[in-house]
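Quick note on labels: first sequence line is chain A, next is B, and so on, each numbered from 1.
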Amino acid sequence: MKYQLQENCLTIFLPKEIDHHNAEDMRETADSIIRSQHVKYIIFDFEKTDFMDSSGIGVIMGRYKTIHFLGGEIWAVHTNERMKKILTMSGMTNILQIYEEETV
Amino acid sequence: MKGTNEMKIIFESRSENEGFARVSVAAFLTQLNPTLEEVADVKTAVSEAVTNSIIHGYENEIHNIEIRCRVNDRLFVVEVKDTGKGIEDVEAARTPLFTTKPDLERAGMGFAFMEAFMDRVIVESKPKEGTLVRMEKTIGKGRELWTTQSL
C-alpha cells in the first residue's frame, strides 16, 4: 500500500479494488503509521479505486474511531461517482468529508 | 422469449478468490448488455456474499463455495452457497450494522449492501448446514433496448 506522510497528515493511496482480501493489509499498514507518527488527519485517496465493498467501509470506520479519539479528521479525495455512492449509502459521509476538486 | 443460460463455479474459500468470483459473475452478466452501474452493483453484491461465506460461514477454514448464475430474459439470478456453520438468526444478520465479528472491524453492512444493489435478496440458512444467498436483479430496467439497423 502506498502512503505519504506530511507532518501529522497521512495520505493513503488506495488500491484499485478494496475488498476483504486486501483490507487487512491496509488496516495493518495504516495502524502502524498512525501509532508511530502521531497522525491526526487521514486522507483516503481514491484516484485508482474503482471497486469497494463493505470491507473498505470497515477499514475507514476503524481508522475514523482511532483518529476521532485524538481529535482528528478523515477526508476522501478523487472519489468517482461509484465511490461517492458507496460512501453516501453507508453513511460514511457523516464522518468524513469528500473533497471536491474544481473541474477545469 | 429471449434465451435462458446458466453457469456454475466452485472455488475454495480463500480471500484471494473474492476478486475471481465477482469478475466471473460480471463476465457472465455481460450477455444481458448491462450498464456499468449494473455490473458494479452485481460485483459488489457478490463480493459481500462471498466474503460472508469465507469469514462467517467457514470462519477462514478452506472449503468450497459454489456460485450459480442464471439468466432468464432480463432477470439475472445469482446464488452463493456454502456448507459452513450457517446463520442462527437470519433476520438479525440482515439488520444493518449487525455483526458477530466487530473485532475484525466488519462494518455489519454486507446484507445491507446486497439489498441496496440487488432487487431481491433471499437467505436460506440452517445452523451447521450452511447458507444459500439468492439475489435477483432485472437488468435494463427503465431502459429501452436500442437496436442498430443495417444500412
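B:Asn5 meets the side-chain hydrogen bond (donor to acceptor under 3.5 Å, both in side chains) test with B:Gln31; sequence neighbours excluded. Under the salt bridge (charged side-chain N to carboxylate O under 4.0 Å, His left out) criterion, B:Glu129 pairs with no residue at all, not counting sequence neighbours.
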Hey, what donor-acceptor pairs show up under 3.5 Å between chain B and chain A?
residue: B:Ser15; atom: OG; partner: A:His21; partner atom: ND1; Å: 2.6
residue: B:Glu16; atom: N; partner: A:His21; partner atom: ND1; Å: 3.4
residue: B:Glu18; atom: OE1; partner: A:His21; partner atom: N; Å: 3.1
residue: B:Glu18; atom: OE2; partner: A:His20; partner atom: ND1; Å: 2.5
residue: B:Arg22; atom: NH1; partner: A:Asp19; partner atom: OD2; Å: 2.9
residue: B:Arg22; atom: NH2; partner: A:Glu17; partner atom: OE1; Å: 2.8
residue: B:Arg22; atom: NH2; partner: A:Asp19; partner atom: OD2; Å: 3.0
residue: B:Glu37; atom: OE2; partner: A:Lys85; partner atom: NZ; Å: 2.6
residue: B:Ala40; atom: O; partner: A:Arg82; partner atom: NH2; Å: 3.2
residue: B:Asp41; atom: OD1; partner: A:Arg82; partner atom: NH1; Å: 2.5
residue: B:Asp41; atom: OD1; partner: A:Arg82; partner atom: NH2; Å: 3.2
residue: B:Thr44; atom: OG1; partner: A:Arg82; partner atom: NH2; Å: 3.0
residue: B:Ser47; atom: OG; partner: A:Asp53; partner atom: OD2; Å: 2.6
residue: B:Glu48; atom: OE1; partner: A:Ser54; partner atom: OG; Å: 2.6
residue: B:Glu48; atom: OE2; partner: A:Ser54; partner atom: N; Å: 2.6
residue: B:Glu48; atom: OE2; partner: A:Ser54; partner atom: OG; Å: 3.2
residue: B:Glu105; atom: OE1; partner: A:Arg27; partner atom: NH1; Å: 2.6
residue: B:Glu105; atom: OE1; partner: A:Arg63; partner atom: NH2; Å: 2.5
residue: B:Glu105; atom: OE2; partner: A:Arg63; partner atom: NH2; Å: 3.1
residue: B:Arg106; atom: NH1; partner: A:Ser55; partner atom: OG; Å: 3.4
residue: B:Arg106; atom: NH2; partner: A:Ser55; partner atom: OG; Å: 3.1

Requested in this report: Could you please spell out the steps behind the side-chain contact (heavy atoms from CB on, under 4.5 Å) verdict for B:Phe117 and A:Ile86?
Outcome: CA-CA 10 Å; B:Phe117 292 126; A:Ile86 300 259; 3.8 Å; yes

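In this structure, B:Ile122 is not a member of the same hydrophobic cluster as B:Val46, with clusters built from ILVMFWY side-chain heavy atoms closer than 4.5 Å. If you chain together hydrophobic residues whose side chains sit under 4.5 Å apart, A:Met52 and A:Met61 fall into the same group.
With a 4.5 Å cut-off on non-hydrogen atoms, B:Leu97 does not touch chain A at all. The contact between B:Ala116 and chain A is made entirely by side chain atoms (from C-beta outward), counting heavy-atom distances below 4.5 Å.
The 12-atom threshold is exceeded at NZ of B:Lys137, counting heavy atoms of other residues, nucleotides or ligands nearer than 6.0 Å. Enclosure of atom CG in B:Leu36 is not indicated, since only 12 or fewer non-hydrogen atoms of other residues, nucleotides or ligands lie within 6.0 angstrom.
Cluster partners of A:Phe13: none. The rule joins Ile, Leu, Val, Met, Phe, Trp and Tyr whenever side-chain heavy atoms lie under 4.5 Å apart, and it links nothing here.
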